[in-house]
Novice: 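This is the structure I have questions about; it appears just below.
First listed ligand is number 1; within each ligand, the first listed atom is number 1.
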Amino acid sequence: MAVPEAEPVPEPTPLHVTITGAAGQIGYALVFRVASGQMLGPHQPVILRLLEVEPAMGALEGVAMELEDCAFPLLTGLVTTSDLDRGFDGASWALLVGSVPRKAGMERKDLLEVNGGIFGPQGRAIAAHAGEDVRVLVVGNPCNTNCLIARSNAPEVPEERWFAMTRLDQNRARAQLAAKAGVAVSEVANVAIWGNHSATQFPDFANATIAGRPAASVIDDHEWLRGGFVTAVQQRGAAIIAARGASSAASAASAIVDSVRSVIEPTAEGDNAALAVVSRGQYDIPEGLQFGFPVVSDGSSWRVPDGFELDDYAREKLRITTEELLEEREAVQELLA
Ligand code: NAX
């Protein structure tokens, strides 16, 4: 009997991924992971579009040469450019990493304004040139407000497609809880990161679980939970700078990969993905802020779940971080379209 011929499996169409600031330290830890398939999966070809400012184009060429030398089978195209329109052309994911770091003597307001000059034009270029399916993850700090600026300059792109990164904070919080409880990090779930990716963020242990039980019933040192734990997560970035002499890069790149996967893959039962998304007024957060929430994805759309319990202590923490984000929004008012 003749064996029926197998249907040919269609090759997936390559997806364009734009990475800004690709010659920077996070970029250097990120591009290889995306090109190897760790972000969009082992069967998804990618075309990388690496966007940098003109003075960094030499260094970016070096990164591009190394990417070529890896001979990644999934990397089917590579574009290096300092031109926004070309950089975002056809992008399904735009990872906005490049930004101007805070320099000595710079007020937060100055920082917001400098970055507004970057993220407004990038938002407009995304709206004009990116793919129909584009989703954007803003990493460059201050990431919540940079995301708000870009989003408001791209009203054609639905608000649900914009994310700012709080995943590194969630990963840090999980690691801290696991170490304190003496369990594997995989046992820790449902830690929420509320608010701004800054020292006012609130890493929420009260709704977290360890091996399926409330974290606060496994860790009986409640003074640490409310004190040392929260500060350790809030100050972890500064601790890494003090130890390494440079800010976190590989862990940030890893959190970018996790963030994207947490949007395109279903969230595990009993867990949440930390992402700063547009507020629709959930948990009394003012509408329109780009706010760190617990998010649950079904792989194609996401929502902020109900049912997170917030006691007076947590409410106060949320009030502080909300206030900071409102102040940031006020400071960049003229940059919002
Ligand atoms: P680097 O200074 O090493 O790299 C930044 C790169 O961005 C540079 O190569 C620079 O030329 C480029 N750049 C600047 N303006 C640009 C523009 N308009 N278009 C394209 N590229 C541009 O910084 P790195 O350590 O890589 O950090 C990048 C950003 O991530 C910083 O803003 C940093 O504060 C932020 N972070 C955010 C985190 C988060 O969790 N949301 C954690 C890690 C990190 O601190």
Side-chain angles (χ1 to χ4, degrees), residues 18-31 49-64 79-88 91 94-103 106 108 111-126 136-150 153 162-173 193 195-199 201 203 233-242 244-260 262 274-277 290-292:
T18 302
I19 299 176
T20 73
Q25 52 152 6
I26 295 176
Y28 191 68
L30 176 65
V31 295
R49 313 189 75 85
L50 308 182
L51 183 67
E52 259 293 352
V53 287
E54 201 53 53
M57 288 308 287
L60 187 62
E61 281 316 312
V63 175
V79 174
T80 57
T81 183
S82 59
D83 178 70
L84 285 185
D85 298 354
R86 191 154 176 256
F88 291 112
L95 310 176
L96 309 188
V97 181
S99 72
V100 173
R102 194 167 182 168
K103 299 193 182 84
M106 212 177 186
R108 197 165 171 89
L111 182 72
L112 287 163
E113 275 177 12
V114 169
N115 283 296
I118 296 175
F119 288 88
Q122 287 188 355
R124 291 193 286 279
I126 287 170
V136 186
L137 175 70
V138 181
V139 178
N141 280 321
C143 65
N144 298 55
T145 297
N146 286 342
C147 186
L148 172 68
I149 295 168
N153 279 274
W162 298 83
F163 307 93
M165 191 165 91
T166 48
R167 177 59 181 250
L168 180 55
D169 308 302
Q170 187 187 40
N171 287 348
R172 287 167 171 170
I193 302 294
N196 204 0
H197 169 71
S198 76
Q201 65 173 278
V233 177
Q234 290 175 337
Q235 305 292 341
R236 186 71 168 180
I240 285 168
I241 294 175
R244 204 173 86 87
S247 56
S248 10
S251 55
S254 201
I256 293 171
V257 170
D258 290 342
S259 301
V260 170
S262 75
L275 289 161
V277 296
Q290 197 76 28
F291 195 88

Novice: Looking only at distances, can you tell me whether any N or O atom of D169, backbone or side chain, sits closer than 3.5 Å to an N or O atom of ligand 1?
Specialist: no
Novice: Considering N115, N141, V97 one by one, which has a heavy atom nearer to atom 28 (C) of ligand 1 than any of the others?
Specialist: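 Going through N115, N141, V97 one by one, V97 has the nearest heavy atom to atom 28 (C) of ligand 1.
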Novice: For L51, counting its heavy atoms only, list the atoms of ligand 1 lying under 4.0 Å from any of them.
Specialist: 20 (C), 21 (N)
Novice: Looking at T18 and G87, would you say the former's side chain and the latter's main chain have a donor-acceptor pair under 3.5 Å?
Specialist: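 It does hold such a pair.
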Novice: Of the listed options (L60, V114, L168), which comes nearest to atom 42 (C) of ligand 1 when hydrogens are ignored and any heavy atom counts?
Specialist: L168
Novice: Does S247 have a heavy atom less than 4.0 Å from any atom of ligand 1?
Specialist: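 In this structure, S247 qualifies as a contact of ligand 1 - some heavy atom is under 4.0 Å.
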Novice: Do H197 and ligand 1 have an N or O pair less than 3.5 Å apart?
Specialist: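 N/O-N/O distance under 3.5 Å: yes.
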Novice: Would you check whether A249 reaches within less than 4.0 Å of ligand 1, judged by its heavy atoms?
Specialist: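 Contact absent.
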Novice: I'd like to check whether V139 has a polar contact with ligand 1, where a contact means an N/O of the residue lying under 3.5 Å from an N/O of the ligand.
Specialist: yes
Novice: Within the 4.0 Å heavy-atom shell around A252, which atoms of ligand 1 are there?
Specialist: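 Answer for ligand 1: 43 (C).
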Novice: Return yes if some donor-acceptor pair links the side-chain N/O of N144 with the main-chain N/O of G195 below 3.5 Å, else return no.
Specialist: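 Yes, because the side chain of N144 sits within donor-acceptor range (under 3.5 Å) of the backbone of G195.
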Novice: Can you confirm, on distance only, whether ligand 1 has an N/O atom lying under 3.5 Å from any N/O atom belonging to I26?
Specialist: yes
Novice: V100 near ligand 1, heavy-atom distance under 4.0 Å?
Specialist: no
Novice: Suppose I only count heavy atoms of G140 and a 4.0 Å limit; which atoms of ligand 1 are within that range?
Specialist: 29 (C), 30 (O), 32 (O)
Novice: Within less than 4.0 angstrom of ligand 1, does Q122 place any heavy atom?
Specialist: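 Contact check Q122 vs ligand 1: positive.
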Novice: Indicate yes or no: does an N/O atom of Q25 lie under 3.5 Å from an N/O atom of ligand 1?
Specialist: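 Looking only at distances, the answer is yes, because the N/O contact criterion of under 3.5 Å is met.
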